[in-house]
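Written below as structure tokens is the structure these notes are about.
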Amino acid sequence: MDHFSPKSLAFYTVAIGSVVVLFNVVTAYGEANLKAPAEMEGRYRLSSNNLPNCLQQPIVLFIQQSGVYLNAGLEAAPTATTPSTNSTSSSEAPLPLSGHLQKGQFWLAGSTSAALTCTPTTALRLEGTSSGNQIQGQLQLGGAETETFSGQKQSSPEVTESH
């Protein structure tokens with residue numbers, strides 16, 4: 001039986017041993033150095049002392065996240081007189097802002113959405129930090145001065161399924 005020769009056994013032992021060692025090295029590196037980004041997805045009610053005119057009503061920033069990539073949009077916040085109809089639900093409407101998240105800092109850029117009173121649609125840029133259920137940063141609409149804002153994550157409403 002030639003396939004049990006000492007040379008064959010040595011070759012297969014080295015090959016299998018090398019794969020096991022390489023797997024252990026890669027696993028140890030991944031556990032030590034590769035961390036998933038913090039979860040930022042959700043709806044944040046924004047507040048600021050001096051928002052641009054078309055953003056004066058209470059507004060909500062809704063964010064969808066895929067790893068470090070973000071898609072977002074602004075919509076008018078529901079009030080007691082105008083309850084939420086979810087007509088601009090983040091799952092149905094196109095999200096006009098895109099950006100990314102890196103080490104707790106986020107960048108979003110795009111245009112204002114039709115749900116707001118900014119006409120014509122205007123370039124919008126948001127930069128800030130995310131910490132737990134709060135965000136804070138700067139907002140710039142068009143070429144205007146940057147304004148600071150803060151936002152508190154809203155609890156998501158329960159989804160009821162009907163069968």
Side-chain angles (χ1 to χ4, degrees), residues 23 25-163:
F23 178 77
V25 168
V26 170
T27 301
Y29 174 81
E31 288 177 353
N33 297 312
L34 301 177
K35 304 291 181 205
E39 183 178 326
M40 190 176 166
E41 185 166 326
R43 302 173 80 79
Y44 296 86
R45 187 176 187 120
L46 299 185
S47 59
S48 176
N49 291 334
N50 196 18
L51 285 175
N53 288 340
C54 63
L55 300 178
Q56 288 298 321
Q57 73 265 9
I59 56 174
V60 172
L61 173 67
F62 56 92
I63 299 174
Q64 290 181 341
Q65 179 179 4
S66 177
V68 297
Y69 299 102
L70 303 173
N71 290 310
L74 291 173
E75 64 185 16
T79 62
T81 58
T82 60
S84 175
T85 61
N86 287 335
S87 62
T88 58
S89 170
S90 59
S91 62
E92 299 169 4
L95 301 174
L97 303 173
S98 61
H100 66 278
L101 173 67
Q102 184 176 21
K103 296 181 181 175
Q105 294 187 319
F106 67 92
W107 295 267
L108 293 166
S111 60
T112 57
S113 62
L116 302 175
T117 60
C118 302
T119 54
T121 57
T122 308
L124 178 65
R125 195 180 84 193
L126 295 140
E127 294 181 16
T129 58
S130 171
S131 175
N133 289 335
Q134 297 185 358
I135 59 173
Q136 54 188 3
Q138 297 83 32
L139 176 145
Q140 184 177 27
L141 184 65
E145 290 185 32
T146 58
E147 301 296 336
T148 60
F149 71 89
S150 62
Q152 179 69 34
K153 191 171 191 175
Q154 297 180 326
S155 60
S156 58
E158 290 185 26
V159 178
T160 57
E161 294 183 22
S162 59
H163 295 283

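All values below were derived from every heavy atom in this structure, side-chain atoms included, with hydrogens, water molecules and symmetry-related copies excluded. This structure is a prediction, so every number in the text was calculated from the model and none was measured.
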Gly99 to Leu108 - nearest heavy-atom pair and separation | N-CD2, 3.9 Å
Check whether any side-chain heavy atom of Leu97 lies under 4.5 Å from a side-chain heavy atom of Asn71, and answer yes or no.
-> no
Main-chain N/O of Leu139 paired with Thr146 side-chain donor or acceptor, under 3.5 Å | no
Please report, to 0.1 Å, the donor-acceptor pairs under 3.5 Å made by any side chain of residues 34-42, with sequence neighbours excluded.
unit_1, atom_1, unit_2, atom_2, d
Lys35, NZ, Glu31, O, 2.8
Glu41, OE1, Gln65, N, 3.1

Salt bridge (charged side-chain N to carboxylate O under 4.0 Å, His left out) involving Glu147 - partner list, sequence neighbours excluded | none
Look up atom CG in Leu141 and atom CG in Leu124, then write down how far apart they are to the nearest 0.5 Å.
-> 6.0 Å
Check against side-chain contact (heavy atoms from CB on, under 4.5 Å), Leu126 and Gln138 = CA-CA 6 Å; Leu126 295 140; Gln138 297 83 32; over 6 Å; no
Residue pairs passing the side chain to side chain donor-acceptor pair (under 3.5 Å) test where at least one lies in residues 127-136, sequence neighbours excluded | Arg125-Glu127, Gln134-Gln152
At what distance, to the nearest 0.5 angstrom, does CG of Leu74 lie from CD1 of Ile59?
-> 5.0 Å
Taking atom CG of Leu101 and atom CG of Leu70, what is their separation to the nearest 0.5 Å?
-> 5.5 Å
If you look at every heavy atom in Gly73 and Pro96, which pair is closest and at what distance?
-> CA-CD, 4.0 Å
Sequence-distant partners of Ser150, side chain to side chain donor-acceptor pair (under 3.5 Å), two or more places apart | Ser47
Please round to the nearest 0.5 Å and tell me the distance separating atom CD1 of Ile135 and atom CD1 of Ile63.
-> 5.0 Å
If a pair satisfies side chain to side chain donor-acceptor pair (under 3.5 Å) and one of its residues is in residues 95-110, list it, with sequence neighbours excluded.
-> none
